[in-house]
K.L.:
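This is the structure, below, for whatever I ask next.
Here the structure is a predicted model, which is why all the values come from computation and not from measurement.
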Amino acid sequence: MKYKMLVLDMDDTLLNDDHQISEKNKEMILKAQEKGVYVVLASGRPTPAMTHYAKDLSLHTFGSYIVAYNGGEIVDMTNEEVLFEQSISTEHLHELYDFSVAHNVHILAYLDGAIITESESKYIDLEAYLTGMPLRKVESFKEAINKPSIKCIMLEEPDYLATVSDKLKAHIDHKSITTSKPFFLEVMQKGIDKAASLARLAERLNIHPAEIIAVGNANNDLTMIEYAGLGVWVDNVTPEIRHKADVIVASNNNDGVAEVIERYILN
């Protein structure tokens with residue numbers, strides 16, 4: 001099979017534990033693009049937390065794309081044009097806030113390039129660190145969130161958050177709910193996930209799912225792993241979904257992405 005698109009999750013997949021792209025991964029990604037393969041970054045991260053990585057990998061030079069917010073936005077890196085965007089309404093964000101208060105979890109959303117929250121939490125601080133976005137602590141989430149946001153996150157200790165996730169899915173059926181890390185419960189508009197937006201992009205580029213490789217490590221990657229012709233986990237995959245991929249390669253700290261490129265694109 002000649003693959004035409006390589007889709008890469010970022011945190012804990014392309015990025016090592018120091019949140020860096022290894023030189024070997026960079027080298028192999030450049031070679032894949034030189035061979036004519038689209039390299040697409042698909043992440044739960046907001047767009048501003050992805051574009052500098054995309055440019056570092058020359059995605060803008062090779063006319064490729066990023067899929068941000070777990071599929072909530074598609075951006076053409078050639079000109080940074082937004083090709084697709086789907087937000088959560090203000091009313092529904094307020095409903096999610098009420099749920100978070102009732103179940104004693106933190107909540108944040110994104111507005112005007114900043115992270116908005118009422119809370120203080122080590123997990124919120126981690127999101128600010130990972131994304132590099134300004135963190136704006138407000139007195140009233142509902143007053144501050146006065147227009148739609150593409151995604152919001154509920155945050156708490158993993159064991160407790162897992163119970164909240166089940167309750168949220170039972171309580172709210174008009175949203176897409178997933179986890180990127182065990183302490184990040186991510187909420188998007190219903191129908192939004194990585195696979196749905198990859199399908200939009202693939203149709204635009206006239207690429208069949210069988211011609212796509214997707215690489216990830218977590219629950220929010222599962223839809224694209226199942227959608228792609230070749231679904232790949234890095235070795236540090238969330239254990240309960242380890243059996244869901246076609247192939248498992250080296251971990252994010254051991255150039256798993258480079259291994260995929262060497263085995264399935266350059267050979």
K.L.:
Would you please classify the geometry between the Tyr3 ring and the Tyr264 ring as parallel, tilted or perpendicular, with 30° and 60° separating the classes?
P.N.:
perpendicular

K.L.:
The test is side-chain hydrogen bond (donor to acceptor under 3.5 Å, both in side chains); show your working for His103 and Lys167 and say whether it passes.
P.N.:
CA-CA 9 Å; His103 292 84; Lys167 293 174 183 177; 5.0 Å; no

K.L.:
Centroid separation under 6.0 Å, is that true for the rings of His171 and Phe99?
P.N.:
yes

K.L.:
Using modelled atom types only, decide if a donor and an acceptor are shared between the side chain of Asp221 and the backbone of Asn217 within a distance under 3.5 Å.
P.N.:
yes

K.L.:
Counting N and O atoms only, with roles assigned by atom type, does the side chain of Thr179 sit under 3.5 Å from a partner on the main chain of Pro182, one being a donor and the other an acceptor?
P.N.:
no

K.L.:
Okay, side chain of Asp9, backbone of Val215: is any donor-acceptor separation there less than 3.5 Å?
P.N.:
no

K.L.:
Would you say the ring centroid of His19 lies under 6.0 angstrom from that of Tyr129?
P.N.:
yes

K.L.:
Would you give the length of the straight line joining atom CG of Leu201 to atom OH of Tyr38, rounded to the nearest 0.5 angstrom?
P.N.:
8.5 Å

K.L.:
Identify whether Met5 and Val249 are in the same connected component of the hydrophobic contact network (ILVMFWY, side-chain heavy atoms under 4.5 Å).
P.N.:
no

K.L.:
What closest approach, in Å, do Ser100 and Ile107 show between heavy atoms, and which atom pair accounts for it?
P.N.:
OG-CG2, 3.5 Å

K.L.:
So for atom CD, which belongs to Glu240, do other residues, nucleotides or ligands contribute more than 12 heavy atoms lying within a distance under 6.0 Å?
P.N.:
yes

K.L.:
State the CD1-OG distance between Ile116 and Ser140, to the nearest 0.5 angstrom.
P.N.:
11.5 Å

K.L.:
Is the side chain of Thr238 donor-acceptor paired with the backbone N or O of Ile241 at a distance under 3.5 Å, no angle test?
P.N.:
no

K.L.:
Between the side chain of Asn267 and the main-chain N/O of Glu262, is any donor-acceptor distance below 3.5 Å?
P.N.:
yes

K.L.:
Can you tell me if Asn70 and Asn220 form a side-chain donor-acceptor pair at under 3.5 Å?
P.N.:
yes

K.L.:
Taking NZ, NE, NH1 and NH2 as the nitrogens, is one of them in Asp12 or Lys181 under 4.0 Å from a carboxylate oxygen of the other?
P.N.:
yes

K.L.:
Does Val187 belong to the same Ile/Leu/Val/Met/Phe/Trp/Tyr cluster as Ile150, with side-chain heavy atoms less than 4.5 Å apart forming each link?
P.N.:
no

K.L.:
For the pair Asn253 (side chain) and Asp17 (backbone), establish whether a donor and an acceptor sit closer than 3.5 Å, ignoring hydrogens and angles.
P.N.:
yes

K.L.:
Within a radius of less than 6.0 Å around NZ of Lys26, do more than 12 heavy atoms belonging to other residues, nucleotides or ligands occur?
P.N.:
yes

K.L.:
Is there a donor-acceptor pair closer than 3.5 Å between any side-chain N or O of Glu211 and the backbone N or O of His208?
P.N.:
yes

K.L.:
Decide yes or no on side chain to side chain contact (heavy atoms under 4.5 Å, CB included) for Phe62 and Met77, but give the supporting numbers first.
P.N.:
CA-CA 9 Å; Phe62 289 95; Met77 281 307 300; over 6 Å; no

K.L.:
Verify, without hydrogens or angle tests, whether Gln33 (side chain) and Leu57 (backbone) share a donor-acceptor contact under 3.5 angstrom.
P.N.:
yes

K.L.:
Would you please test Met50 and Thr47 for side chain to side chain contact (heavy atoms under 4.5 Å, CB included) and show each step?
P.N.:
CA-CA 5 Å; Met50 296 177 67; Thr47 302; 5.7 Å; no

K.L.:
When you group the ILVMFWY residues by side-chain heavy-atom contacts below 4.5 Å and let the links chain together, are Leu168 and Leu161 in the same group?
P.N.:
yes

K.L.:
Kindly indicate whether the side chain of Met10, heavy atoms from C-beta on, has any atom under 4.5 Å from the side chain of Ser180.
P.N.:
no

K.L.:
Checking Arg242 against Asp235 for the side chain to side chain contact (heavy atoms under 4.5 Å, CB included) test, could you report, in this order, the C-alpha distance in whole Å, the side-chain angles of both residues, the deciding distance, and whether it holds?
P.N.:
CA-CA 9 Å; Arg242 189 176 181 89; Asp235 193 47; 2.5 Å; yes

K.L.:
I'd like to know whether Glu156 forms a side chain to side chain contact (heavy atoms under 4.5 Å, CB included) with His106, so could you lay out the CA-CA distance, the side-chain angles of the two residues, the decisive distance to 0.1 Å, and finally the verdict.
P.N.:
CA-CA 7 Å; Glu156 196 41 84; His106 304 287; 3.7 Å; yes

K.L.:
I'd like to know if the side chain of Thr117 and the backbone of Leu108 have a donor-acceptor N/O pair within less than 3.5 Å.
P.N.:
no

K.L.:
Which pairs, with at least one residue in residues 222-232 and sequence neighbours excluded, count as a side-chain hydrogen bond (donor to acceptor under 3.5 Å, both in side chains)?
P.N.:
none

K.L.:
Is the closest side-chain heavy-atom distance between Asp98 and Lys142 below 4.5 Å?
P.N.:
yes

K.L.:
For Ile261, run the side chain to side chain contact (heavy atoms under 4.5 Å, CB included) check against Val39, Leu6, Ile213 and tell me which one passes.
P.N.:
Leu6

K.L.:
Enter the distance from Met188:CE to Lys151:NZ here, rounded to the nearest 0.5 Å.
P.N.:
7.0 Å

K.L.:
What do you reckon, are the aromatic ring centroids of Tyr110 and Tyr69 less than 6.0 Å apart?
P.N.:
yes

K.L.:
Quick check: does any side chain N or O of Lys194 sit under 3.5 Å from a backbone N or O of Ala42, one acting as donor and the other as acceptor?
P.N.:
yes

K.L.:
Group every Ile, Leu, Val, Met, Phe, Trp and Tyr by side-chain heavy-atom contacts under 4.5 Å, then state whether Leu130 and Leu41 land in the same group.
P.N.:
no

K.L.:
If we only count heavy atoms from C-beta on, is the Thr178 to Asp193 side-chain gap below 4.5 Å?
P.N.:
no

K.L.:
Using a strict cut-off of less than 4.0 Å between a Lys/Arg side-chain nitrogen and an Asp/Glu carboxylate oxygen, indicate whether Glu157 and Lys122 qualify as a salt bridge.
P.N.:
yes

K.L.:
Would you give the length of the straight line joining atom CD of Glu85 to atom CD of Glu73, rounded to the nearest 0.5 angstrom?
P.N.:
4.5 Å

